[in-house]
There are 2 protein chains.
Amino acid sequence: MNTLSEENYLKAIFRLSQKSDEKITPTAIAEALGNNAASVVDMIRKMTDKELIEYDKKKGVRLTQQGLKDSILIVRKHRLWEVFLLEKLGFHWDEIHDIAEELEHVSNASLADRLDKFLGFPEYDPHGDPIPKANGKLPKTFTVSLADVKTGASCKVAAVRDTSSSFLQYLVKLGIGIGTPIQVLERIAFDQSLVIKINEQDQTTVSQRFSESILIS
Amino acid sequence: MNTLSEENYLKAIFRLSQKSDEKITPTAIAEALGNNAASVVDMIRKMTDKELIEYDKKKGVRLTQQGLKDSILIVRKHRLWEVFLLEKLGFHWDEIHDIAEELEHVSNASLADRLDKFLGFPEYDPHGDPIPKANGKLPKTFTVSLADVKTGASCKVAAVRDTSSSFLQYLVKLGIGIGTPIQVLERIAFDQSLVIKINEQDQTTVSQRFSESILIS
DNA sequence: AAATAAAATTAGGTATACCTAATTTTATTT
DNA sequence: AAATAAAATTAGGTATACCTAATTTTATTT
Ligand SMILES: [Mn+2]
Ligand SMILES: [Mn+2]
Ligand SMILES: [Mn+2]
Ligand SMILES: [Mn+2]
């Protein structure tokens with residue numbers, strides 16, 4: 001069995017591997033977890049011994065089969081609990097991530113599957129992230145961001161790349177949620193800010209950082 | 001905030017204080033938690049410094065106001081999660097305790113209250129233990145055991161004193177659950193075993209240890 | 001009251017998961 | 001290629017929460 005810290009490392013490594021094809025360095029993991037790189041090097045040794053990961057300076061950190069399986073289960077639990085917290089307990093969008101960060105570590109062989117069934121086998125979590133199935137398969141992940149949309153074109157919000165409450169609260173303020181239609185009216189050449197129309201009503205200007213944090217379909 | 005270990009100590013001390021009026025010694029806590037008495041003495045110092053408990057060799061360990069408040073919240077969360085696991089996720093009677101042992105440590109200001117509401121404000125957990133209310137008040141606790149019932153008299157199972165799966169599985173095998181009517185037919189003088197009639201049907205003999213582990217109303 | 005047993009405490013130790021500071025290795029720039 | 005910067009690693013350290021063995025204190029028995 002994996003410790004709480006090992007689970008958080010597994011999840012961080014999994015998310016880094018999903019995010020891009022770049023090799024996963026100790027520094028990248030350190031940044032993701034808010035730890036010192038020296039601590040990460042310590043942990044890489046322990047997790048290599050446990051055969052959860054492989055580390056090669058050239059290839060970076062890779063999950064082993066076991067490590068991949070374990071990390072997918074943690075992500076599955078995290079996202080299922082988020083659905084539960086939002087839909088059943090009525091928590092707000094910006095509150096659920098931190099609670100799920102703790103709930104994901106509760107270990108019981110059938111807990112995830114029972115929760116999944118209870119929730120009606122949801123495919124996506126409240127942030128639009130795909131919930132891994134019991135067999136480990138992931139529903140389609142959204143990868144195109146609002147920043148990629150052509151000027152004049154329309155799209156729908158499918159997921160958010162940032163789960164910080166400052167970002168999510170900003171979205172609430174703008175009236176944007178999963179499924180909200182957005183039209184890109186103008187792209188400011190100077191800093192790639194976008195003038196957008198939200199839900200066919202309000203018009204606002206948003207920064208590049210903002211538009212890159214929204215995934216669309 | 002309290003660490004996971006501190007929370008488990010708080011809960012153990014709370015349960016010992018509920019169980020009887022005897023003073024709570026380091027040895028008693030050690031036994032309850034399966035720790036060495038030396039470790040308990042260490043922790044008593046830390047928790048005294050944090051003003052969660054008071055320790056006086058004459059009076060034993062006592063919870064401070066803060067310690068009492070904190071421990072009641074943990075017990076509240078434990079028992080609410082047990083109801084959730086049994087009623088909503090369909091776990092069995094003997095599986096829920098260990099999972100709730102982990103879930104009780106998830107910390108969020110409104111989690112317990114939202115869960116309570118979602119479950120319809122249950123008064124007792126699946127083992128018949130009272131669930132502390134949001135204000136800290138406890139519903140009536142059952143204290144009379146099957147061993148106290150007069151020969152010939154009838155009663156109903158209200159709660160179980162032991163949540164081990166060996167005990168709970170034995171109860172399932174005997175067809176005994178919360179609310180099951182039991183009549184005491186005979187008391188064996190030799191070892192205080194009881195001959196009982198379950199649910200007005202089956203007749204069995206049970207040990208003293210068994211009858212002391214069942215609370216009745 | 002003395003002897004004995006039990007409980008509490010102290011002393012010294014371990015594994016986990018972090019840290020900072022120093023050093024070494026690797027990548028990038030000039 | 002040398003100089004410089006960045007990344008990785010090592011060395012040595014800390015807090016937490018445990019442990020065993022030895023000692024001291026308290027309670028119980030004779
Ligand atoms: Mn986590
Ligand atoms: Mn999410
Ligand atoms: Mn616990
Ligand atoms: Mn219970």
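Throughout, protein chains are lettered first and strands after them, A, B, ... in sequence-line order, and every chain is numbered starting at 1.
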Return whichever of K57(A) or P26(B) has its heavy-atom-nearest nucleotide of DNA chain C closer to the 5' end. P26(B)
V144(B): partners by side-chain contact (heavy atoms from CB on, under 4.5 Å), with sequence neighbours left out: D148(B), I216(B)
Tell me which pairs pass ring pair (Phe, Tyr, Trp, His ring centres under 6.0 Å) where either residue lies in residues 42-62 of chain A, with sequence neighbours left out. none
Would you kindly give the NZ-to-C1' distance between K23(B) and dA6(C), to the nearest whole Å? 13 Å
Among all residues two or more places apart in sequence or in another chain, which pass the ring pair (Phe, Tyr, Trp, His ring centres under 6.0 Å) test with F121(A)? none
Report the residues that fulfil side-chain contact (heavy atoms from CB on, under 4.5 Å) with K150(B), sequence neighbours left out, ordered by chain and then residue number. A153(B)
Mind jotting down which residue pairs meet the side-chain hydrogen bond (donor to acceptor under 3.5 Å, both in side chains) criterion with at least one end in residues 111-136 of chain A? Sequence neighbours excluded, please. R76(A)-D113(A), R76(A)-D116(A), E82(A)-H127(A), S110(A)-R114(A)
For a quick test of your reading: what N or O donor-acceptor pairs under 3.5 Å do the side chains of residues 31-48 of chain B make, sequence neighbours left out?
from	atom 1	to	atom 2	distance (Å)
N35(B)	ND2	Y9(B)	OH	3.2
N36(B)	OD1	A38(B)	N	2.8
T48(B)	OG1	I44(B)	O	2.5

Whether R45(B) contacts dT9(C) is assessed here as follows: a side-chain N or O lying under 4.0 Å from the phosphate OP1 or OP2. Is that the case? no
Nucleotide-level pairing of DNA chain D, given in dot-bracket where Watson-Crick and G-U pairs need both distances under 3.5 Å and | marks other strands: ||||||||||||||||||||||||||||||
Keeping to residues at least two apart or across chains, list the side-chain hydrogen bond (donor to acceptor under 3.5 Å, both in side chains) pairs with something in residues 83-96 of chain B. D94(B)-Q169(B)
Produce a footprint string for nucleotides 16-21 of chain C: one letter per nucleotide, 5' end first; B if the base is under 4.0 Å from any protein heavy atom, S if only the sugar-phosphate is, - if neither. -BBBB-
For K58(A) and dA27(C), what is the distance between atoms NZ and C1' respectively, to the nearest whole Å? 13 Å
Would you say S71(B)'s side chain and K11(B)'s backbone share a donor-acceptor pair under 3.5 angstrom? no
